[in-house]
Colleague: 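My structure is below; once you've seen it, I'll send some questions.
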Amino acid sequence: MPKNNSSTIEFVMPDHACDCHTHIFDKEDLYPFSPQRTYTPGFAPLSGLLSHLKHCQLGRVVLVQPSPYGSDNSCLLGALKKIPEIGRGIAVIDRYTTDAQLKAMHEGGVRGARVNLQTHGISDPLYAENELKWVASRIAAFGWHIQIFTNLHVLDHLYKTILSLPTDVVVDHFSQASATLGNKQRGLPRLLDLMALGKVWVKMSAAQRISALTDCADVEPIARSLIEANPERVIWGSDWPHPGARPGQPRSKEHVEPFNDVDDIQALNRIAIWTHFDDHLQKILVDNPRKLYGFNS
């Protein structure tokens with residue numbers, strides 16, 4: 001299980017601050033992994049997540065269905081039952097998911113459905129377009145949003161599709177923008193435009209996934225552009241317990257893949273710096289998650 005980091009928060013954490021991107025990996029005998037998974041994660045139960053929240057002074061959390069469980073959301077739903085006041089969830093659905101199951105998930109705190117293209121190496125815009133339309137048709141009645149994990153190249157092709165959807169869209173992990181390329185890269189203007197229109201939200205999460213520097217300082221220009229595009233459409237997530245492939249190391253489900261060593265408090269401090277410690281910090285950590293996930297005031 002990941003260890004808490006030892007950095008110090010350099011700002012006054014607002015009440016009800018939310019970590020909008022976390023995962024739970026419980027014991028496999030309780031919640032078996034999908035045979036089609038691309039990797040096998042370590043042990044990261046709810047107790048570890050709650051310790052993470054306490055250490056980071058966070059009051060709310062969003063659990064995101066991780067790919068090793070496929071569309072079996074049992075682990076996520078089981079955890080949400082234990083934290084109904086502070087927790088919300090993002091599920092994964094498939095063609096076998098029934099309306100009754102969607103209703104039960106909604107009652108259990110789920111507020112969105114994830115389309116995970118990046119983990120599975122899917123970059124076909126036509127496939128992505130069809131998947132978004134199908135998912136939207138299933139979840140719109142519940143007021144959910146679509147959460148998509150893809151890159152800027154695919155997102156660029158999805159511009160018109162996203163505008164036509166009956167749901168909002170939340171983009172994971174900076175939409176995999178390259179920090180090295182900064183603000184001059186294909187797809188980023190489309191993303192900023194979708195944010196300005198209020199159609200897309202962006203998770204400034206897992207900055208280490210797009211950075212070439214250990215302190216992620218090169219992400220700042222992109223982060224500031226996202227905030228300037230629409231500060232009411234930006235949220236933050238830690239990506240706890242930090243799964244993710246390492247450069248040059250192929251993923252395999254045959255062996256347990258160790259979690260990445262990430263300083264979550266430093267990630268929070270970066271958000272404060274990127275927002276100049278102003279009112280946008282309150283929006284990103286508290287106000288925007290409250291609106292998007294339907295937390296009580």
Side-chain angles (χ1 to χ4, degrees), residues 20-46 49 61-83 87-124 126-150 154 158 161 165-173 203 205 237 239-241 243-245 251-253 257 293:
C20 296
H21 198 100
T22 67
H23 308 290
I24 293 290
F25 300 106
D26 214 321
K27 295 179 180 179
E28 192 172 2
D29 58 342
L30 294 176
Y31 301 104
F33 297 128
S34 167
Q36 284 75 46
R37 68 189 182 279
T38 58
Y39 71 98
T40 298
F43 181 56
L46 178 60
L49 175 60
V61 66
V62 178
L63 308 182
V64 177
Q65 173 76 347
S67 63
Y69 287 120
S71 59
D72 182 351
N73 299 279
S74 301
C75 183
L76 180 145
L77 294 170
L80 286 178
K81 286 182 179 179
K82 299 177 181 179
I83 53 169
R88 296 291 184 269
I90 303 299
V92 169
I93 65 174
D94 61 19
R95 271 59 178 178
Y96 298 100
T97 305
T98 66
D99 289 343
Q101 288 174 318
L102 291 175
K103 183 175 184 294
M105 284 191 277
H106 184 79
E107 293 172 351
V110 171
R111 293 297 179 266
R114 192 185 198 198
V115 176
N116 187 340
L117 304 176
Q118 192 73 13
T119 298
H120 299 288
I122 299 172
S123 58
D124 179 3
L126 181 58
Y127 175 93
E129 177 183 346
N130 291 335
E131 196 68 10
L132 288 183
K133 289 180 177 179
W134 177 80
V135 172
S137 72
R138 296 298 313 280
I139 69 173
F142 295 94
W144 293 6
H145 61 265
I146 294 176
Q147 179 176 314
I148 184 171
F149 185 24
T150 190
V154 175
L158 294 174
T161 299
L165 295 176
T167 67
D168 280 352
V169 172
V170 176
V171 178
D172 281 353
H173 306 328
K203 287 188 180 183
S205 53
D239 197 30
W240 189 94
R251 309 191 88 169
S252 170
K253 64 181 180 182
E257 181 179 278
Y293 299 105

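Since the model is a prediction, treat every value here as computed from it, not as a measurement.
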Colleague: Side chains of Thr167 and His145: do they bring a donor and an acceptor to under 3.5 Å?
Modeller: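 Note: Thr167 and His145 side chains miss the donor-acceptor criterion.
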
Colleague: Between Tyr31 and Tyr69, what is the ring plane arrangement, given parallel below 30°, perpendicular above 60°, and tilted in between?
Modeller: perpendicular

Colleague: Do Arg111 and Tyr293 form a cation-pi contact, if we require the NZ or CZ to be under 6.0 Å from the six-membered ring centre and within 45 degrees of the ring's axis?
Modeller: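 No, Arg111 does not lie over the aromatic ring of Tyr293.
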
Colleague: Find the distance between CD (Gln65) and CD1 (Ile93) and round it off to the nearest 0.5 Å.
Modeller: 11.5 Å

Colleague: So how far is it from Lys253 NZ to Ser34 OG, rounded to the nearest 0.5 Å?
Modeller: 7.5 Å

Colleague: Hey, does Pro41 have a side-chain heavy atom less than 4.5 Å from the side chain of Pro243?
Modeller: no

Colleague: What are the two closest non-hydrogen atoms of Thr97 and Gln101, and how far apart are they?
Modeller: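 So the two residues come closest at CA-OE1, 3.3 Å.
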
Colleague: With rounding to the nearest 0.5 Å, note down the distance linking CG in Leu49 to CH2 in Trp240.
Modeller: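 Reported to 0.5 Å precision, the distance equals 5.0 Å.
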
Colleague: May I ask you to decide if Val64's main-chain N or O and His23's side chain share a donor-acceptor pair within less than 3.5 Å?
Modeller: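 Yes; judged by distance alone, with no hydrogens or angles, the pair exists.
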
Colleague: Let me confirm one number: the CG-CG distance from Leu158 to Leu126, rounded to the nearest 0.5 Å.
Modeller: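 Going from CG on Leu158 over to CG on Leu126, the span is 10.0 Å.
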
Colleague: Side chains of Ile122 and Glu131: does their closest heavy-atom pair fall under 4.5 Å?
Modeller: no

Colleague: How far does CG of Asp26 sit from SG of Cys75, to the nearest 0.5 angstrom?
Modeller: 5.0 Å

Colleague: Does any non-hydrogen side-chain atom of Arg251 lie less than 4.5 Å from one of Thr119?
Modeller: yes

Colleague: Between Asn73 and Val110, is there a side-chain heavy-atom distance shorter than 4.5 Å?
Modeller: no

Colleague: Just verifying a value: how many Å separate Ile24 CD1 and Thr22 OG1, rounded to the nearest 0.5 Å?
Modeller: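 Going from the CD1 atom of Ile24 to the OG1 atom of Thr22 covers 6.0 Å.
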
Colleague: Answer whether the closest heavy-atom distance between the side chains of Gln147 and His21 falls below 4.5 Å.
Modeller: yes

Colleague: Determine whether Phe25 and Pro68 make a side-chain contact, defined as any pair of heavy atoms from C-beta on separated by less than 4.5 Å.
Modeller: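 Yes. Closest side-chain heavy atoms under 4.5 Å.
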
Colleague: Looking at every heavy atom in both Leu165 and Ile146, which two are closest together, and how far apart are they?
Modeller: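 Shortest heavy-atom separation between Leu165 and Ile146 comes out as CD1-CD1, 4.2 Å.
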
Colleague: Restricting to non-hydrogen atoms, name the atom on Ala113 and the atom on Val135 that form the minimum distance, rounded to 0.1 Å.
Modeller: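 In this case the closest contact between Ala113 and Val135 is CB-CG1, 3.8 Å.
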
